K.L.:
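So that we are looking at the same thing, I have put the structure below in structure tokens.
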Number of protein chains: 2
Amino acid sequence: MPPLYTKIIKDNHLSNTKSRRTLFKILNQQSQPVSIRRIVNNALPFMNKSTAYRILNVFDEAGIINLTYAGWKQTVELSDTFKGHHHHISCIDCGQIIAFEETHDLVEQLRLVSLKYQFKATSHSLELRGICAHCSQNIT
Amino acid sequence: MPPLYTKIIKDNHLSNTKSRRTLFKILNQQSQPVSIRRIVNNALPFMNKSTAYRILNVFDEAGIINLTYAGWKQTVELSDTFKGHHHHISCIDCGQIIAFEETHDLVEQLRLVSLKYQFKATSHSLELRGICAHCSQNIT
DNA sequence: ATCCATGCAAAATGTTTGCAATAGA
DNA sequence: TCTATTGCAAACATTTTGCATGGAT
């Protein structure tokens, strides 16, 4: 288990249980954000359905996971703490989701927006949708 | 009914039914993105539950609505065609959602990201979360 | 008249809850 | 030991589907 995981569990006064470690591993295996359904299904052989949902809630409150979005679908992935701060580009053709890090200039633009509305921003998310390089070459 | 609505219905070879007009009006009354549940509940006195869901799907395919997101919650609103292109700032304290238009500079930064990944972007969404001006003044 | 859209009821899917049993600190 | 967590079953909520009826073009 990553030291960071153990630390967060401890800091939040949570039990370091087998089910939670298992669910964390499942989340950690994903190369892209995936649906809650998929996570729950993957967890099903190892724990009860309700346990999986409960752990997802606990992980959310502890900031271990983030909800992200790919078009219509709500997806989940490990939080910035584990994955680093990033955003997603999703291909509407092949469904692939690519992560990208924001540039300094982009952050600056977002800061200006917050400033304009006298808004203390604590987080933000950004998603680009379109056709990826691979799919635009293979016109079907 | 807005001429634009009638045109989209016609262009997509859809029937201009009472239920669809009613659901459009309900969507049009909302000052913020709202949950699907709320839309369905508002529609319930006027049509069947399954009709409401079916219309939401049809409206999505026809580009009449957009799904948006406010934190954990999936929400729906009329598309850019009706509301104009914009993004959302949501207050994690009072729950208010403020719409803002993107600046030229912000668009330019997004264009650079797409360019970097050789990605043909067709749409994008952006959400800022934090504390709104009003809530940061009224510290509870 | 023809076909699309709707209502209804039922199924399928997704999520939460109460309580007893169990495992972690 | 003591409390937090889990399993189980059942409730609850959300969404989809098949088919007969009704409405729109």
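As the structure is a computational prediction, the values presented were derived from the model and not from experiment. A, B, ... follow the sequence lines: proteins, then strands. Residue 1 opens every chain.
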K.L.:
Expressed in angstrom and rounded to an integer, what is the separation of M47(B) atom CE from dG23(D) atom P?
P.N.:
15 Å
K.L.:
Are H87(B) and H124(A) close enough that their ring centers fall under 6.0 Å?
P.N.:
no
K.L.:
Over how many whole Å does the gap from R20(B) atom CZ to dG7(C) atom P extend?
P.N.:
11 Å
K.L.:
Rounded to the nearest angstrom, tell me the gap between atom CD1 in I39(A) and atom P in dT13(C).
P.N.:
19 Å
K.L.:
Is there a donor-acceptor pair under 3.5 Å between the side chain of H134(A) and the backbone N or O of C132(A)?
P.N.:
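No, H134(A) side chain to C132(A) backbone: no donor-acceptor pair under 3.5 Å.
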K.L.:
Would you check if the distance from the ring center of F119(B) to the ring center of F100(A) is below 6.0 Å?
P.N.:
no
K.L.:
OP1 or OP2 of dT6(D) versus the side-chain N and O atoms of S19(A): is any pair under 4.0 Å?
P.N.:
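S19(A) to dT6(D) OP1/OP2: side-chain N or O found under 4.0 Å.
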K.L.:
Can you measure N12(B) atom CG to dT25(D) atom P for me and round it to whole angstrom units?
P.N.:
14 Å
K.L.:
Could you state the atom-to-atom distance from CG of L44(B) to C1' of dG7(C) in whole Å?
P.N.:
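So the CG-C1' distance, L44(B) to dG7(C), works out to 12 Å.
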K.L.:
Under 4.0 Å between a side-chain N or O of T17(B) and OP1 or OP2 of dA24(D)?
P.N.:
no
K.L.:
Within a 6.0 Å radius of atom CD on Q118(B), are there more than 12 heavy atoms belonging to other residues, nucleotides or ligands?
P.N.:
no
K.L.:
Between C1' on dT25(D) and CD1 on I9(B), what's the gap in Å once rounded to a whole number?
P.N.:
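Atom CD1 in I9(B) sits about 14 Å away from atom C1' in dT25(D).
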K.L.:
To the nearest Å, how far apart are F46(B) CZ and dA5(C) P?
P.N.:
22 Å
K.L.:
Within the supplied structure, the quantity of interest is the number of heavy atoms (other residues, nucleotides, ligands) at a distance under 6.0 Å from K120(A) NZ; does it exceed 12?
P.N.:
no
K.L.:
Report the distance from atom CD1 of I55(A) to atom P of dA4(D), rounded to the nearest whole Å.
P.N.:
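That distance rounds to 16 Å.
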K.L.:
Can you figure out which of dG7(D), dT6(C), dA25(C) approaches the side chain of T51(A) most closely?
P.N.:
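So the side chain of T51(A) is nearest to dG7(D).
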K.L.:
Tell me whether R21(B) contacts the main-chain N or O of M1(B) through its side chain, where contact means a donor paired with an acceptor under 3.5 Å.
P.N.:
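No, because the side chain of R21(B) does not come within donor-acceptor range (under 3.5 Å) of the backbone of M1(B).
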K.L.:
Hey, what are the protein-to-nucleotides 12-18 of chain D N/O distances that come in under 3.5 Å?
P.N.:
{"from": "dT14(D)", "atom 1": "OP1", "to": "R37(B)", "atom 2": "NE", "distance (Å)": "2.8"}
{"from": "dT15(D)", "atom 1": "OP2", "to": "Y53(B)", "atom 2": "OH", "distance (Å)": "2.5"}

K.L.:
Using a 3.5 Å distance criterion without hydrogens, assess whether the side chain of N48(B) forms a donor-acceptor pair with backbone atoms of S50(B).
P.N.:
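It does hold such a pair.
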